[in-house]
Amino acid sequence: MAVNFLMHDKVWFDKFKYDDAERKYYEHMNG
Amino acid sequence: QTLYTYPENWRAFKALIAAQYSGAKIKVLSTPPQFHFGQTNKTPEFLKKFPVGKVPAFEGDDGFCVFESNAIAHYVGNDELRGSTKEAAAQIIQWVSFADSDIVPPASTWVFPTLGIMHYNKQATEYAKEEVKRILGVLDSHLKTRTFLVGERVTLADITVVCTLLWLYKQVLEPSFRQPYDNVNRWFVTCINQPQFKAVLGEVKLCEKMAQFDA
Amino acid sequence: QTLYTYPENWRAFKALIAAQYSGAKIKVLSTPPQFHFGQTNKTPEFLKKFPVGKVPAFEGDDGFCVFESNAIAHYVGNDELRGSTKEAAAQIIQWVSFADSDIVPPASTWVFPTLGIMHYNKQATEYAKEEVKRILGVLDSHLKTRTFLVGERVTLADITVVCTLLWLYKQVLEPSFRQPYDNVNRWFVTCINQPQFKAVLGEVKLCEKMAQFDA
């Protein structure tokens, strides 16, 4: 089934964790 | 001109819809024996043309090769789709980047478990749902006063964001969830009913019941 | 023309280097009282211009507003940087997409713990190191026969990939790790020594000792 190919899709599932950490770090640096 | 991909690849749809607007003729190779995902894209001759081995991958009849779906859609499109002014071109890139950076991760986190291609994680899914609400809110206020995302006609911005939202609208955005975002719903339905979108996507059935994870 | 960002933001460097090539004059607002990251970008007037509230964000003197770093770099650049043919433009977008999709995730995973931004995770870091080796390998074979990524001169592809690799080269790519990729090293050093890059990045000191995570 075509859906199974989707599992090979390259997705950064943890992106939100990194975005959040980066935002907090620079907010803190500029605090 | 040839597009290598696996079947039903939403990233490939972007280029195919762009080609419908520009009139570019593209042959899609997506099933054996012409193309066997996981094998053909690992062969030396494929990697020589496309060193990262990813699909979709495009080969022009002049031998010009390019990978990355946004690059392919840009190449097979036309100036209208790419943005005819500096401002329009920049705003189109803005929405294309927004789709890749802000929509793809939460959309995949929410949808993949409902397709049974990834384990369900309650916390991640709940977070993804909130992210999707944020994204739809941004698009909804932008589309309050606009028919399309950039300028007065369909561009690569609409094609890219529609294709990126496709699985969400088909799989989990049930009427009660999408109800607050009627500008986005109007825009999405307008786009998928354009003949150039329909030629590639066929009939898109909007989700009626939010799919749960497929244990 | 104004660029809102926090200081030392590699995503903002892309637009500032592009502006060095095009001659666009950009005022950077990155510190209080003009711009306070975490506060200014959450105010209603900022969100009215930039609904996603992310930086870098750009406002032209004609009031034209655009967010997403690739869109800003495209807007403040010039045709030379954007690619003067359809093929060059597509290949530039290919490398810009490759940087965002294939370089940013492992680079962040490896570098963030060494800056104290994220907790260290041994397995994730080891995987990221392997991904960085794969990426450098792809770039190295592409640059074996080329001075720059697309065509014979600096384009947005070089500017974007250099800025995306910046933290890796400064923080963790010690000589023994980067030794196998001498085409990439040559290209990277050539770019950062261009006056337009140096005007923005200053002196870039390549990593001598791989930084370990900062507990």
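With sequence neighbours excluded, the residues forming a salt bridge (charged side-chain N to carboxylate O under 4.0 Å, His left out) with Lys133(B) are Glu130(B), listed by chain and number. The side chain to side chain contact (heavy atoms under 4.5 Å, CB included) search around Gln171(B) returns Val111(B), Thr114(B), Leu115(B), Trp167(B), Ala211(B), not counting sequence neighbours. Every residue meeting the side chain to side chain donor-acceptor pair (under 3.5 Å) condition with Thr5(B), not counting sequence neighbours, appears here in chain and number order: Asn9(B).
Other residues, nucleotides and ligands contribute more than 12 heavy atoms inside 6.0 Å of the NZ atom of Lys49(B).
Between Leu6(A) and Trp10(B), the shortest heavy-atom distance links the atoms CD1-CD1, 3.9 Å.
Chain B is approached within less than 4.5 Å, heavy atom to heavy atom, by Asp9(A), Lys10(A), Val11(A), Trp12(A), Phe13(A), Lys15(A), Phe16(A) from residues 9-25 of chain A, ordered by number.
Neither the backbone nor the side chain of Ser30(B) comes within less than 4.5 Å of any heavy atom of chain A.
For an aromatic pair to be called close, the ring centres must be under 6.0 Å apart, and Phe37(B) with His8(A) satisfies this.
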